[in-house]
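Quantities reported herein were computed from a predicted structural model and do not represent experimental measurements.
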Amino acid sequence: MNKVIETIQAHRSIRAFKEQPISQEQLDSIIASGIAASSSSLIQAISIIRVTDKEKRAQLAKLAGHQPYVESAAEFLVFCIDYQRHHSINNEVKPEYMELTLIGAIDAGIMAQNCLLAAESMALGGVYIGGLRNSPNEVDKLLQLPPYSAVLFGLCLGYPDQNPELKPRLSPKVILHENSYQPLNLKQIEQYDQTMNDYYQARSTNTKQQGWSEQICSKLSQESRPFILDYLNKKGLAKK
């Protein structure tokens with residue numbers, strides 16, 4: 001196993017950061033790594049907002065569900081779908097199609113993961129902040145996003161001030177299918193539930209007694225952010 005694979009498989013979400021800043025050279029490398037990511041048809045429909053204003057950071061932390069690491073991280077990046085630049089080049093561009101919204105969201109995920117992996121290769125850590133979508137209109141206004149652009153998620157980056165345990169994942173036997181979709185083996189889920197329950201009870205912080213399927217099914221059995229489609233539509237996206 002090489003160092004790239006070791007870095008990928010050692011990923012943990014970091015939510016406590018030292019006050020040490022990230023150098024400009026490091027940040028430049030992180031952003032360049034993100035821009036180097038694959039992009040569907042080279043559309044490049046992503047913009048990144050680097051938030052350095054302390055007051056804006058504080059407001060974003062509150063809007064994201066009172067997540068203090070949005071303020072304490074050395075850097076906070078907001079990833080946005082962005083077809084405004086394409087529309088500015090030619091107003092015949094039609095960003096309202098759902099496929100284009102999907103492309104933007106997929107490309108943003110790929111770009112952000114490149115950024116995080118680059119950061120982790122420098123002994124930095126980070127955590128994604130999907131909570132920005134709790135209040136998308138307010139975040140949009142705060143960041144002054146134009147039409148045909150929309151907030152997707154944030155990314156905290158900095159030097160870790162914690163050493164959390166590695167969280168177990170589903171087995172490749174559950175995730176990987178060959179040639180066609182295979183029926184779920186519930187025994188494998190039961191085994192993973194026990195693994196997660198053991199992990200939650202043994203980890204150094206926020207211990208609890210719960211399996212994965214109980215946790216996830218509870219989350220998925222209720223509507224989540226029902227206002228997102230309306231927000232995207234108001235920004236001229238995902239209309240058709």
Side-chain angles (χ1 to χ4, degrees), residues 22 24-57 59-64 70 73-119 121 126-157 223-240:
I22 293 174
Q24 188 62 52
E25 182 181 6
Q26 287 174 309
L27 182 61
D28 289 346
S29 293
I30 290 167
I31 298 302
S33 297
I35 292 172
S38 298
S39 173
S40 179
S41 300
L42 204 62
I43 292 175
Q44 302 180 87
I46 308 301
S47 280
I48 303 173
I49 310 292
R50 179 193 182 199
V51 184
T52 57
D53 182 275
K54 291 185 178 180
E55 179 57 33
K56 284 192 175 184
R57 283 267 207 117
Q59 292 182 57
L60 289 171
K62 181 179 178 180
L63 291 170
V70 172
E75 294 287 342
F76 186 61
L77 307 176
V78 180
F79 289 78
C80 304
I81 186 171
D82 183 9
Y83 285 103
Q84 174 60 36
R85 72 167 64 96
H86 308 79
H87 193 265
S88 297
I89 295 168
N90 187 331
N91 60 16
E92 293 298 316
V93 168
K94 302 184 184 301
E96 65 265 29
Y97 290 101
M98 185 66 210
E99 172 65 9
L100 293 182
T101 302
L102 282 174
I103 286 172
I106 293 167
D107 279 11
I110 298 170
M111 178 182 281
Q113 188 67 3
N114 263 27
C115 289
L116 182 55
L117 287 174
S121 76
V127 63
Y128 292 111
I129 306 295
L132 292 182
R133 297 192 306 280
N134 292 344
S135 306
N137 292 292
E138 292 84 352
V139 173
D140 190 291
K141 182 178 180 181
L142 183 66
L143 299 179
Q144 299 177 294
L145 299 184
Y148 310 120
S149 66
V151 62
L152 292 173
F153 54 86
L155 175 60
C156 297
L157 292 173
E223 192 170 22
S224 178
R225 299 177 180 134
F227 43 78
I228 285 294
L229 181 59
D230 180 63
Y231 164 65
L232 292 172
N233 288 169
K234 285 194 296 187
K235 297 311 302 283
L237 304 168
K239 286 185 170 183
K240 300 179 180 180

Checklist entry - Is the closest side-chain heavy-atom distance between T101 and Y83 below 4.5 Å? => result no
Checklist entry - Under a 4.5 Å cut-off applied to non-hydrogen side-chain atoms, are H87 and P146 in contact? => result no
Item to check | Smallest separation among heavy atoms of K235 and S149, with atom names | outcome: NZ-O, 2.6 Å
Next on the checklist: Pair D140, Y231 - check side chain to side chain contact (heavy atoms under 4.5 Å, CB included), show working.
Outcome noted: CA-CA 10 Å; D140 190 291; Y231 164 65; 2.7 Å; yes
Checklist entry - Parallel, tilted or perpendicular: which fits the ring planes of F153 and Y128, with parallel below 30° and perpendicular above 60°? => result perpendicular
Item to check | Side-chain donor-acceptor pair present, E25, S29, cut-off under 3.5 Å | outcome: no
Checklist entry - Counting only heavy atoms not in K56, do more than 12 fall under 6.0 Å of its NZ? => result yes
Checklist entry - Does some side-chain heavy atom of L77 sit less than 4.5 Å from a side-chain heavy atom of I31? => result yes
Item to check | Value rounded to 0.5 Å, distance of CD in E55 from CG in L60 | outcome: 10.0 Å
Show the atom names and distances, to 0.1 Å, of all donor-acceptor pairs under 3.5 Å that link a side chain in residues 129-138 to residues at least two apart or in another chain.
residue : atom : partner : partner atom : Å
R133    : NH1  : L152    : O            : 2.7
N134    : OD1  : R225    : NE           : 3.0
N134    : OD1  : R225    : NH2          : 2.9
N134    : ND2  : G131    : O            : 3.3
N137    : OD1  : K234    : NZ           : 3.2

Checklist entry - Does any non-hydrogen side-chain atom of V51 lie less than 4.5 Å from one of L143? => result yes
Checklist entry - Are N114 and S33 linked by a side-chain donor-acceptor pair shorter than 3.5 Å? => result no
Item to check | Candidate pair V127 and L116, rule side chain to side chain contact (heavy atoms under 4.5 Å, CB included), full reasoning | outcome: CA-CA 8 Å; V127 63; L116 182 55; over 6 Å; no
